[in-house]
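Report on the structure given below.
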2 protein chains.
Amino acid sequence: MAAAKLIKDPREQQSVRLWLELLRCAKTQETRLGARLRKHYGHSLTRFDALSQLYRAPDMTLPVTALATRLLASSSGNITGLIDRMEADGLVVRSPNPDDRRSFIVRLSKTGTTLFEKMAIEHGHWVRDGFEGLSDSELKNLQASLIRLRKHLEQED
Amino acid sequence: MAAAKLIKDPREQQSVRLWLELLRCAKTQETRLGARLRKHYGHSLTRFDALSQLYRAPDMTLPVTALATRLLASSSGNITGLIDRMEADGLVVRSPNPDDRRSFIVRLSKTGTTLFEKMAIEHGHWVRDGFEGLSDSELKNLQASLIRLRKHLEQED
DNA sequence: TATAAATACTTTATATATAAGATATATGTG
DNA sequence: CACATATATCTTATATATAAAGTATTTATA
């Protein structure tokens, strides 16, 4: 016999169902994009995320902490190791910050920049394909709801 | 000087913005729920997910492979280790499948069941709180769009 | 200036994710 | 039955996530 429902309140049930749906969408898309990046370029979504944050930063440089807090696809866990490996692959360069001797600055290398530009264009196609089932206006409505959701989530805690 | 936009097509730009928003929402909520589960119960979201999948399964049992494919919060990476640690903590029991000697069946223990029931109720409150900013009808619209999105994503590849 | 507190990064340990391959068993076909 | 192939799980290696503690430096304040 299956277990009885633990949650009685309809609003709460609806919220949980929505959350699971949101999570499923995000995971599916993440897996899909991650697999393609790995297959086509041999790099993880985490690295693509890091390259992306650096690319849009002024002078393509960020202090380690700033990079860590901006990472989306990944979390900032073991940022040191991530940068170590990316540096070993020639994607980024780490140098001391002359203004603050506690701090290190990470810069996108020429190699990293060229690689990211190629990856980003194809990544854009893949993302667009993923949303193909939705109309332009549905995309906008969806985004508007998600923005409100995120703002509420962020103002919590 | 900041880099020029790599993506020109408006639909594609919109898609990428939406995807980043979706990812941000999912990550924020995941981090929030994971931190609370860890703080209140000392278990990860991955474990909660596994307990949840087992709880809703017939007889609260699943073959290892079936459990692995149903995991949402996590992926099936190192499912063996996950089950090992949960078994060591007394949450689940692993026993051979009499119908197939290649197969092992994972069952929620009494301890695991009791724990999950407590966790699930509180988890429901937390999830509901996260969506507090949205109206009932907005919840429904959002879910409808996400279901269509997921179906499109899943039918791809 | 002296010192407490905060900050930036690293280190360590453990948990989890991903991929490749090993082993045992099951299944389908001849 | 013999064999090829598929399946279920485990093992190993590496990448990434999370948490706690350590070191060097900066900042705030007495």
Side-chain angles (χ1 to χ4, degrees), chain A residues 23 26-28 30-51 61-89 91-92 94-106, chain B residues 23 26-28 30-51 61-89 91-92 94-106:
Chain A
L23 186 57
K27 291 285 172 184
T28 306
E30 231 184 317
T31 303
R32 192 173 155 268
L33 293 174
R36 293 186 184 189
L37 284 173
R38 187 170 298 281
K39 179 177 171 189
H40 289 248
Y41 298 98
H43 293 286
S44 67
L45 195 58
T46 296
R47 285 184 177 203
F48 177 72
D49 189 14
L51 293 174
T61 64
L62 283 175
V64 173
T65 301
L67 175 58
T69 56
R70 287 176 201 209
L71 289 178
L72 259 186
S74 58
S75 183
S76 54
N78 199 6
I79 187 73
T80 300
L82 176 64
I83 297 171
D84 283 350
R85 286 182 295 273
M86 289 177 73
E87 191 170 31
D89 286 350
L91 302 178
V92 301
R94 187 164 15 190
S95 50
N97 183 344
D99 299 332
D100 185 340
R101 275 184 293 172
R102 294 170 304 176
S103 174
F104 285 82
I105 287 181
V106 184
Chain B
L23 187 57
K27 291 286 172 183
T28 305
E30 232 184 316
T31 303
R32 191 172 155 269
L33 293 174
R36 293 186 184 190
L37 284 173
R38 188 170 297 281
K39 179 177 171 190
H40 289 248
Y41 298 98
H43 292 286
S44 67
L45 194 58
T46 296
R47 285 183 178 204
F48 178 72
D49 189 13
L51 294 174
T61 65
L62 282 175
V64 173
T65 301
L67 175 58
T69 57
R70 288 177 200 207
L71 290 178
L72 262 185
S74 59
S75 183
S76 55
N78 200 7
I79 188 75
T80 300
L82 176 64
I83 297 170
D84 283 351
R85 287 182 296 273
M86 289 178 73
E87 192 171 30
D89 287 349
L91 302 179
V92 301
R94 188 163 17 191
S95 50
N97 183 344
D99 298 331
D100 185 340
R101 274 184 294 173
R102 296 169 304 176
S103 173
F104 284 84
I105 287 182
V106 185

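- Atom CE of B/M86 is separated from atom P of C/dT16 by 9 Å (rounded to the nearest Å).
- Atom NE2 in B/H43 sits about 16 Å away from atom C1' in D/dT18, given to the nearest Å.
- In this structure, A/N78 atom CG and C/dT14 atom C1' are separated by 12 Å, rounded to whole Å.
- For the pair A/D84 and A/R94, the salt-bridge criterion is met [side-chain N within less than 4.0 Å of a carboxylate O].
- For C/dA26, the OP1/OP2 oxygens have a side-chain nitrogen or oxygen of B/R101 closer than 4.0 Å.
- Nucleotide D/dT18 holds its P atom 16 Å from the CZ atom of B/R36, rounded to whole Å.
- In this structure, A/L51 and A/H43 have side chains that are not in contact, with every pair of non-hydrogen atoms separated by 4.5 Å or more.
- Side-chain nitrogen and oxygen atoms of B/T46 include none within less than 4.0 Å of the OP1 or OP2 phosphate oxygen of C/dA15.
- Taking only side-chain atoms of A/V64, from C-beta outward, the nucleotide of C/dT16, D/dT16, C/dT10 with the closest atom is C/dT10.
- Taking only side-chain nitrogens and oxygens, A/T80 comes nearer than 4.0 Å to OP1 or OP2 of C/dT10.
- Nucleotide C/dA20 holds its C1' atom 18 Å from the CD1 atom of B/I79, rounded to whole Å.
- Checking the phosphate oxygens (OP1, OP2) of C/dT27, no side-chain nitrogen or oxygen of B/R102 falls inside 4.0 Å.
- Put simply, B/S75 has no side-chain N or O that comes within less than 4.0 Å of OP1 or OP2 on C/dT16.
- When the P atom of D/dT25 is taken as reference, atom CG of A/D100 falls 10 Å away, rounded to whole Å.
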